[in-house]
Amino acid sequence: MVLIPLGALLVLQVRFLRSMEQKTISAEKNWLRNSLEMVTQELESRYRADSEAALTVTEAQIADVTNIGSQFAKHHVPGARAFFSMRFKHDMYDAGFFDAHGQERHPSHAEADAVKMATVSWHVAHKWNRVAEPLLYVDVRDPKNRIILRPVVDAWWHVVGVTGVILDESLSKAAMTTIGTKALKAPRLPNSNVIAMRVGERFPRAIGGRDFITQPLGFVFTNWRAGVRDLCASPEEVAATGFRSNMMWTGGAFIVLLGAVGLAVGAVARQSRLSQMKSDFVSNVSHELRTPLSSIRVFGEYMRLGRVEKPEKIREYGEYIEAESRRLTQLINNILDFSKIESAEKKYHFCSTDVVELVEQTVAAFEVPLRDHGLSVAFHAGPVPMLNIDKDAIAQVLVNLLDNAVKYSNGRKEVEVSVEAVGAEVRIKVRDHGIGIPAAEQKKIYEKFYRVGSTLVHDVKGSGLGLSIVMHVVKAHGGRVELVSAPGEGSTFTIILPLPLDEKVPITSTEYA
Ligand code: ADP
């Protein structure tokens, strides 16, 4: 029932993450587009600004066209192969050619032709005494010798000459890539070092969808495009990675939530089991109290009224009354002890004790009255040093174990008890050949009120307190309880108490069971 809203929540979350994935894809694409836009703007403004600086000269500066090399040496234009300057004199002209460093040199045929083609209209403008704006003009008729030129004008804006730069394709490509890559590394673009930038006419398709997104260049190389791509991942891959990690977090949160729900359900189940056990306890205990009390009353009445005369009958009834009152004392002791343990009022009085003697006396007091009813307890003890324990509490532990050994004996009332010191421990073992305890129940039997649910156990009355008291007392002594048991084969409970540090006994295992 609880899982339905959780499932709905999970479905909603997955849908939300899917829409986030789509948004991430478009955000990534926008980021690349913005980067590209910035790169193309940077390229255009660099070309314009650098050409403007190199080609802006006065009429006086081109009076001797060969003398202008220093101007070109000072100003660098990215991808420039050569500069030229020209001064028109009616039908004639003077021209100077320079390399990229401003050194005079001869132009190649192709360069000379391209320059002629680009300047002829300005020569005509000069002859016809035309005025012109001294702006940058571009001639790309020969793509291998693209030219940027600027008319030189006199004080009345008449064209008197031109200056120009011849751009080399491969030098320009390299220069633009450097400029673009540098622009991408600007601090305002986060993660831009993962972007690859390239210019050219054609772009190869990349593997894994990491294609270049491109846009045309705006100046001189207008048939070229600039392109950028993410080196590490395509927008789809970035979004898918984000989706996966978000899904993992969601899954983790879901598991935690399920765990919490599981714990809550477990707590409720435990609580209801506990209250069921409590009500069983009340009915068991009232039965346990009422039955012996009414027998004691009836036998006592018989004896008082003199209805029983035969001595053996009087003995038999007396034994019965004794055994029943012993059981009652045991039950009441357990209940009182349990309530003290629950309210943390249980106090222990530790004193140096001969454990062998204590166990032997307790076994004898327990066995003798029951001997005629078929109980036999085999006792075995090795040398054990004195132990600092609460005598009464340990005796009660032993009585509880013996009581269980008899109660769950299934008719075979042969019990074996042993005490021995092994290594740094004293082991008190109680072994029976009764109904045994299934492995799945072996941890639970120490819980308060817990009783194994088998029919064999149901025929026997009990409070479910005995073993929880055993466990509490043994733990208060710094010890532990071990159990070896199998259904139908009997059980061996071992109380293990630690020896004082200076009393270690060598391990010469005289194992009993
Ligand atoms: P109870 O009063 O029911 O005997 P305990 O706390 O002494 O309560 O024991 C808890 C449960 O453990 C018992 O109800 C019984 O099912 C199981 N148990 C304890 N000792 C033995 C044993 N020697 N043989 C088989 N089952 C046992």
Side-chain angles (χ1 to χ4, degrees), residues 273-274 276-292 324 326-342 346 362-363 366-367 370 374-378 393-418 428-475 480-495 512-513:
R273 196 168 53 123
L274 195 64
Q276 176 61 43
M277 286 195 298
K278 268 185 188 164
S279 70
D280 287 354
F281 164 79
V282 171
S283 91
N284 281 345
V285 165
S286 34
H287 178 89
E288 287 251 303
L289 287 173
R290 210 177 297 126
T291 318
E324 290 298 278
R326 194 181 49 80
R327 279 195 61 74
L328 277 178
T329 315
Q330 165 76 5
L331 179 64
I332 290 164
N333 279 348
N334 272 349
I335 293 172
L336 289 179
D337 266 346
F338 174 74
S339 90
K340 277 190 193 150
I341 287 170
E342 282 287 281
K346 172 84 183 160
T362 315
V363 167
F366 184 85
E367 183 201 11
L370 294 177
L375 173 71
S376 80
V377 181
I394 294 294
Q396 196 190 350
V397 162
L398 200 61
V399 170
N400 280 353
L401 292 181
L402 287 168
D403 198 33
N404 282 350
V406 176
K407 277 200 299 189
Y408 305 109
S409 63
N410 207 16
R412 210 181 140 192
K413 294 182 184 165
E414 291 150 18
V415 180
E416 290 136 33
V417 177
S418 71
I428 307 170
K429 231 175 241 186
V430 178
R431 180 180 182 191
D432 65 55
H433 300 277
I435 59 173
I437 304 165
E441 305 278 356
Q442 289 183 10
K443 280 217 165 79
K444 299 185 199 157
I445 52 174
Y446 302 100
E447 289 172 20
K448 57 187 176 187
F449 309 130
Y450 190 83
R451 308 198 71 225
V452 175
S454 77
T455 42
L456 280 174
V457 172
H458 262 272
D459 296 342
V460 181
K461 286 288 168 193
S463 60
L465 294 182
L467 287 183
S468 83
I469 292 173
V470 166
M471 187 53 101
H472 190 275
V473 171
V474 173
K475 277 192 175 159
R480 60 185 198 280
V481 184
E482 274 179 12
L483 168 63
V484 178
S485 181
E489 287 174 22
S491 315
T492 306
F493 283 88
T494 311
I495 305 298
Y512 183 77

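Whatever order the structure lists them in is the order used to number ligands and atoms, beginning at 1.
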Worksheet item: Numbering the atoms of ligand 1 from 1, which are under 4.0 Å from a heavy atom of Gly466?
Response: 5 (P), 6 (O), 7 (O)

Discussion item. Check contact between Ile437 and ligand 1, using heavy atoms of the residue and a distance below 4.0 angstrom.
Written reply: yes

Worksheet item: Can any side-chain N or O of Asn334 pair as donor or acceptor with the backbone N or O of Gly466 at less than 3.5 Å?
Response: no

Worksheet, complete the sentence: Under 4.0 Å from one or more heavy atoms of Leu467, ligand 1 contributes atoms 5 (P), 6 (O), 7 (O), 9 (O), 12 (O), 19 (C)

Worksheet item: With a cut-off of 4.0 Å, which atoms of ligand 1 are near a heavy atom of Tyr450?
Response: 10 (C), 11 (C)

Discussion item. Any nitrogen or oxygen of Gly464, side chain or backbone, less than 3.5 Å from one on ligand 1?
Written reply: yes

Discussion item. If the condition is ring-ring contact (aromatic ring centres under 6.0 Å, His included), which residues does Phe449 pass it with, not counting sequence neighbours?
Written reply: Phe281, Phe338

Worksheet item: Can you find a heavy atom in the side chain of Leu274 that is under 4.5 Å from one in the side chain of Lys448?
Response: yes

Item to complete: Please identify which atoms of ligand 1 are closer than 4.0 Å to at least one heavy atom of Lys407.
Response: 1 (P), 2 (O), 4 (O)

Discussion item. One thing to verify: whether Asp403 and Arg327 come together as a salt bridge, which I'm taking to mean a side-chain N less than 4.0 angstrom from a carboxylate O.
Written reply: yes

Discussion item. Using a 3.5 Å cut-off on N or O atoms only, is Ile435 in polar contact with ligand 1?
Written reply: no

Fill in: Sub-4.0 Å atoms of ligand 1 with respect to non-hydrogen atoms of Gly436
25 (C)

Worksheet entry | Atoms of ligand 1, numbered as shown, that sit under 4.0 Å from any heavy atom of Leu465 | 6 (O), 8 (O)

Worksheet entry | Short N or O distance, Ser463 and ligand 1, threshold 3.5 Å exclusive | yes

Worksheet item: Listed by chain and number, what are the salt bridge (charged side-chain N to carboxylate O under 4.0 Å, His left out) partners of Glu489, not counting sequence neighbours?
Response: none

Item to complete: Determine yes or no for a side-chain-to-main-chain donor-acceptor pair under 3.5 angstrom, with Glu367 supplying the side chain and Val377 the backbone.
Response: yes

Item to complete: For Thr494 and Ile428, indicate whether the former's side chain and the latter's backbone hold a donor-acceptor pair under 3.5 Å.
Response: no

